[in-house]
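Quick notes on the structure that follows.
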There are 2 protein chains.
Amino acid sequence: MDEVFKALADASRRSLLDRLHIKNGQTLNELCEGLDMTRQAVTKHLAILEDANLVTTLRHGREKLHYLNPVPIHQIGERWIKKFERAKLTALSELKKQLEKRHE
Amino acid sequence: MDEVFKALADASRRSLLDRLHIKNGQTLNELCEGLDMTRQAVTKHLAILEDANLVTTLRHGREKLHYLNPVPIHQIGERWIKKFERAKLTALSELKKQLEKRHE
DNA sequence: TTGACATGCAACCATTTGGTTGCCTATTAT
DNA sequence: ATAATAGGCAACCAAATGGTTGCATGTCAA
């Protein structure tokens, strides 16, 4: 889980995921197009995404195809973000209550 | 949005949010208890969470009370994670289809 | 078979990050 | 008044991060 959060912390990596979301199964060079970065930098980002299991790769001859794996993203939503849903609703009223308490 | 992702990338900071989720409105010293870190390190983490608008503070005499703001977490869920929901469902079948295409 | 293309590996670099220590200031309680 | 308490500020440090360049390897096409 920590690896996933770390992987998502970088805007370049999130944009790579976005691009794979639009078009799945792209090669390294395809993913490099239009980016203000060397191919090697992109390789490193993709390796981090792969380690976090956010991207799966598949060799096809001399090409390496990259596929988005949305499962860890979904898990972050289910296992982590959902926890804070209830808080959202009660946050403001709780804060007000506690403020009043402190000022007694 | 980037600030929020960056803030959430650290396990210590996520655990601080968890603790505020359990008990809202804690002081700095309260939040330091049981942590294997100096107070100053915790201060820095809290400052990052505050910059990302995940935590709101309130001075009360010599105490500084920390309140969880779950809104940015919720926004990550709505604006970012939800985008990948559809992908989740179709990911595997898409991958299979594309594999078949490449092997024609 | 040989050149072009797609990717991999490794060393190196600057900046950011997560942490520390030491000291200072403000508020509260005795 | 003064000691204890809660927190702030700044300098410093090691390690991680995000990037580079240079060269090597594997695969395809002419």
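To find a chain, count down the sequence lines: A is the first, B the second, and so on, and within it residues start at 1.
Side-chain N/O atoms of B/Asn29 include one lying less than 4.0 angstrom from OP1 or OP2 on D/dG7.
Proximity of A/Leu17 to A/Arg13: side-chain heavy atoms (C-beta onward) are nowhere separated by under 4.5 Å. Contact check for A/Arg19 versus A/His66: no side-chain heavy atoms found under the 4.5 Å cut-off. Contact check for A/Lys83 versus B/Ile73: no side-chain heavy atoms found under the 4.5 Å cut-off. For the pair B/Leu35/B/Leu16, a side-chain contact is recorded, criterion being any heavy-atom separation below 4.5 Å from C-beta on. Proximity of A/Val71 to A/Asn53: side-chain heavy atoms (C-beta onward) are nowhere separated by under 4.5 Å.
Residues A/Ile48 and A/Met37 do not share a hydrophobic cluster, clusters being chains of Ile/Leu/Val/Met/Phe/Trp/Tyr side chains in contact below 4.5 Å.
Atom NZ in A/Lys44 sits roughly 14 Å away from atom P in D/dA16 (whole-Å rounding). Taking atom CG of A/Leu8 as the reference point, atom P of D/dG18 lies 12 Å away to the nearest angstrom. One interatomic measurement links the two molecules: CG of B/Leu31 to P of D/dG8, which rounds to 12 Å at whole-angstrom precision. Regarding A/Met37, its CE atom lies at a distance of 9 Å from the C1' atom of D/dG18, rounded to whole Å. The separation between A/Asp10 atom CG and D/dG18 atom P is 5 Å, rounded to whole Å.
Boundaries of the chain B contact region on DNA chain C are C/dG18 to C/dT28, first to last in 5' to 3' order (nucleotide atom under 4.0 Å from a heavy atom).
Applying the 3.5 Å distance criterion, the base of D/dG8 shares a donor-acceptor pair with the side chain of B/Arg39. Side-chain to base pairing of B/Gln40 with D/dG7: no donor and acceptor N or O lie closer than 3.5 Å to each other.
Sequence order on DNA chain D of the closest nucleotides to A/Ala9 and B/Leu28 puts B/Leu28 first from the 5' end. Of the two residues contacting DNA chain C, namely A/His66 and B/Lys6, the nearest-nucleotide position lying further toward the 5' end is that of A/His66.
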For this session: Just do the side chain to side chain contact (heavy atoms under 4.5 Å, CB included) check on B/Thr43 and B/Leu28 with the steps written out, would you?
Result: CA-CA 7 Å; B/Thr43 302; B/Leu28 172 57; 3.6 Å; yes

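Listed for the A/Asn69 side chain is no donor-acceptor partner under 3.5 Å among the backbone atoms of A/Thr56.
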Below 3.5 Å is the cut-off: list the nitrogen or oxygen pairs between protein and nucleotides 27-30 of chain D, distance only.
residue, atom, partner, partner atom, Å
D/dT27, O2, A/Arg62, NH1, 3.4

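The aromatic rings of B/His21 and A/Phe84 lie tilted to each other, with the angle between the two planes from 30° to 60°.
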